[in-house]
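Take a look at the structure set out below.
Index from 1, following the sequence.
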Amino acid sequence: MGSSNRLFNRQRTVHEVLGGGFVADVMLWRRGNLTLGILLVTLAAWVVFEKSGYTLLSLVSSVLLLLNVILFLWAKSAAILNRPAPPLPELYLSEEMVNEVGAFMRAHVNDFLSASQDIAMGRDARLFVKVAAYLLLISVVGGLTDFLTLGYTSLVVVLTVPALYERYENYINSYAITGFRKMQQLYVKFDAKFVNRIRKWILERQKLS
């Protein structure tokens, strides 16, 4: 698809916009087993937290304690009975994975800090309005649900919406561009009927005064 049909006339693909690395692969289901595993694990955690009344710290501590006891007894009994040791996978974070996640987080944190500085210095009124609207929306949504449900829902959105957009980008862009043009037409009509009249009225009042 040509860049002229993409939203905001962007030149990069969805994968490139998301960083083009490991995180982008996970979000766009290019590592489908890992993405599905993340969704299932977070769903199980959400169900446990909602139904059991556990806190995050108590649940993690209990699971780690149980896991340590099982592995310790298994290893000891295997040594005594001359059986194989527990089949543990090698727990290792590659340097490439850490660098990609770190670069992804650093880029977004820097963008956030830059935007915060622009707002604090009063440089971008439009950005201020957008941020205020987003914060108001988060406040309203936060009042309707708890943090765990909001966090899980946000994760589901992050792991599904970009992938669906990439899959159906042609259709979504077509409808979005059409809707955007209609909004522009409505704004032009509104500006001609109301805003221009108000401006003329203000100029006339200034001339009379």
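- Interatomic distance, D25 CG to E100 CD, rounded to the nearest 0.5 Å: 7.5 Å.
- The heavy-atom pair separating W46 from T149 by the smallest distance is NE1-OG1, 3.1 Å.
- Under the 4.5 Å side-chain criterion, counting only non-hydrogen atoms from C-beta, I38 is in contact with L155.
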#### Entry: R30/E166 under side-chain contact (heavy atoms from CB on, under 4.5 Å): CA gap, chis, key distance, verdict
CA-CA 12 Å; R30 299 190 179 182; E166 184 187 46; 2.6 Å; yes

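- Counting all heavy atoms, side chain and backbone alike, P84 lies closest to W74 at O-NE1, 3.9 Å.
- Heavy atoms of other residues, nucleotides or ligands lying less than 6.0 angstrom from CD of E95 number 12 at most.
- Judged by distance alone, the side chain of T35 and the main-chain N or O of V26 form a donor-acceptor pair under 3.5 Å.
- One distance of note links CG of L159 with OG of S154; it measures 11.0 Å at 0.5 Å rounding.
- Looking at heavy atoms from C-beta onward, V23 lies out of side-chain contact with L18 at the 4.5 angstrom threshold.
- Side-chain N/O atoms of N173 and Y165 include a donor and acceptor closer than 3.5 Å.
- If you chain together hydrophobic residues whose side chains sit under 4.5 Å apart, V161 and V156 never meet in one group.
- Linking Ile, Leu, Val, Met, Phe, Trp and Tyr whenever their side-chain heavy atoms come within less than 4.5 Å puts L28 and Y171 in one cluster.
- V63 is connected to V47 through a chain of hydrophobic side-chain contacts under 4.5 Å among Ile, Leu, Val, Met, Phe, Trp and Tyr, so both are in one cluster.
- Taking CG from L73 and OG from S77, the interatomic distance works out to 7.0 Å, rounded to the nearest 0.5 Å.
- The backbone N or O of N170 sits nowhere less than 3.5 Å from a side-chain atom of S174 that would complete a donor-acceptor pair.
- By the criterion of side-chain heavy atoms lying less than 4.5 angstrom apart, applied directly or through intervening Ile, Leu, Val, Met, Phe, Trp or Tyr residues, L65 is grouped together with F72 in one hydrophobic cluster.
- Looking at H15 and M27, their side chains never come closer than 4.5 Å, going by heavy atoms from C-beta outward.
- Within a 6.0 Å sphere centred on CG of N33, other residues, nucleotides and ligands contribute 12 heavy atoms or fewer.
- Other residues, nucleotides and ligands contribute at most 12 non-hydrogen atoms within 6.0 Å of the CZ atom of R167.
- Residues F22 and R31 meet the side-chain proximity criterion, which asks for heavy atoms closer than 4.5 Å.
- Checked against ring-ring contact (aromatic ring centres under 6.0 Å, His included), F104 has the following partners two or more places apart in sequence or in another chain: H108.
- Y175 and I172 fall into different hydrophobic clusters, where Ile, Leu, Val, Met, Phe, Trp and Tyr are joined by side-chain heavy atoms under 4.5 Å apart, directly or via other members.
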